[in-house]
Number of protein chains: 2
Amino acid sequence: MAYQNALGALADPTRRSVFERLLDGPQPVGRIAKGMPVSRPAVSQHLKVLKEAGLVTDRAEGTRRVYCIDPHGLAAVRRYLDQFWDQALAAFAAEAEKAPEKPQEGE
Amino acid sequence: MAYQNALGALADPTRRSVFERLLDGPQPVGRIAKGMPVSRPAVSQHLKVLKEAGLVTDRAEGTRRVYCIDPHGLAAVRRYLDQFWDQALAAFAAEAEKAPEKPQEGE
DNA sequence: ACTTACGGTAAGTTAAAACTTACAAAACTG
DNA sequence: CAGTTTTGTAAGTTTTAACTTACCGTAAGT
């Protein structure tokens, strides 16, 4: 599952709210949309994006559609960030040394 | 530093490229922009967003401006995701029991 | 079979954000 | 001091994406 999609999906505040609401447990669309500042179809569209990003799964339950957190998408983003963490620390450490002093010329 | 900004900043592919380029080490704007599919001012704007998100820092070096990875923004996003990881796993595990027919995707 | 509830999708509108060119400020160079 | 280099910012355009209303299919209840 591509981390790119998951990152993009979680970037939108409204969509993030939808995602976070599912952390309380699997819920049908109507329940998720209830109390949201946007319309029910908007929530459906957000769920579609989240699903394509591997962040949620869905299951039919009668006429309702129950959505649930899918750890795969979250894991993909975590892996992406972890991959760079050491490099980021190293780059920052290297910078910290020349930061306060005037750097030498030449390249 | 708000994880929201960092998340939004990393969502854009071009901006992510700028960020990833800095993982090789601190670089001035011109160097970063070189080889990019967008104009130099566009890169400057991306750097501004990354800076406001706490993902990079900048330092003046003569007429050049050297940008460097800032771990703080990255750390904020990691914390945000880690905070939900256990809950996500729990929600998924609970779901897996109800849907024993198709625990994984495929088809 | 008819009716009601639930939710996905289409079409269209509106708001945001990414990109471009043009310009201006600051600092080296000769 | 005049000219060049390097970068940030303003203004304006274009592309993207978020949201709304309207509609259709499917499943359950009477």
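Lettering of chains follows the sequences in order, A, B, ..., and the numbering in each one begins at 1.
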Interatomic distance, Gln27(A) CD vs dC6(C) P [rounded to whole Å]: 15 Å
Backbone of Ala9(B) reached by a side-chain donor or acceptor of Arg15(B) within 3.5 Å: yes
Closest to the Thr63(B) side chain, choosing from dT6(D), dT9(C), dG7(C): dT6(D)
With a 4.5 Å limit on heavy-atom distance, are the side chains of Arg40(A) and Val29(A) in contact? yes
dA17(D) C1' sits how many Å from Glu52(A) CD, rounded? 14 Å
Over how many whole Å does the gap from Arg65(A) atom CZ to dT9(C) atom C1' extend? 13 Å
Phosphate contact (dC6(C) OP1 or OP2) by Tyr67(A) side-chain N/O below 4.0 Å: no
Using a 4.5 Å cut-off on heavy atoms from C-beta on, say whether the side chain of Arg16(B) contacts that of Leu7(A). yes
Between NZ of Lys51(B) and P of dG8(D) the distance, given in whole Å, is 8 Å
Find the distance Lys48(B):NZ to dT9(D):C1' and express it as a whole number of Å. 7 Å
Write down the atom of Arg21(A), the atom of Ile32(A), and the distance for their closest heavy-atom approach. NH1-O, 3.2 Å
Every protein N/O within reach of nucleotides 16-22 of chain C N/O, cut-off under 3.5 Å:
unit_1	atom_1	unit_2	atom_2	d
dA18(C)	OP2	Arg15(B)	NH1	2.8
dA18(C)	OP2	Arg15(B)	NH2	3.3
dC19(C)	OP1	Thr14(B)	OG1	3.1
dC19(C)	OP2	His46(B)	NE2	2.3
dT20(C)	OP2	Ser39(B)	N	2.7
dT20(C)	OP2	Ser39(B)	OG	2.6
dT20(C)	O4	Gln45(B)	NE2	3.0

Send over the distance from Glu61(B) CD to dT6(D) P, rounded to a whole Å. 13 Å
Taking NZ, NE, NH1 and NH2 as the nitrogens, is one of them in Asp82(A) or Arg78(B) under 4.0 Å from a carboxylate oxygen of the other? yes
Give the ring-plane orientation class for Phe84(A) versus Phe19(B), where under 30° counts as parallel, over 60° as perpendicular and anything between as tilted. perpendicular
Shortest non-hydrogen contact from Val56(A) to Leu47(A)? CG2-O, 4.0 Å
Is the ring pair Tyr80(A)/Tyr3(A) parallel, tilted or perpendicular, if the boundaries are 30 and 60 degrees? parallel
Tell me: CG of Leu50(A) to C1' of dG8(C), nearest whole Å? 15 Å
Would a 4.5 Å heavy-atom cut-off, applied to side chains only, mark Ile69(A) and Gln87(B) as touching? no
Would you kindly give the NZ-to-C1' distance between Lys34(B) and dT5(D), to the nearest whole Å? 13 Å
Please give the stem ranges for DNA chain D, sorted by first residue number, where a stem is three or more consecutive Watson-Crick or G-U pairs and both donor-acceptor distances are under 3.5 Å. C:1-30 with D:1-30
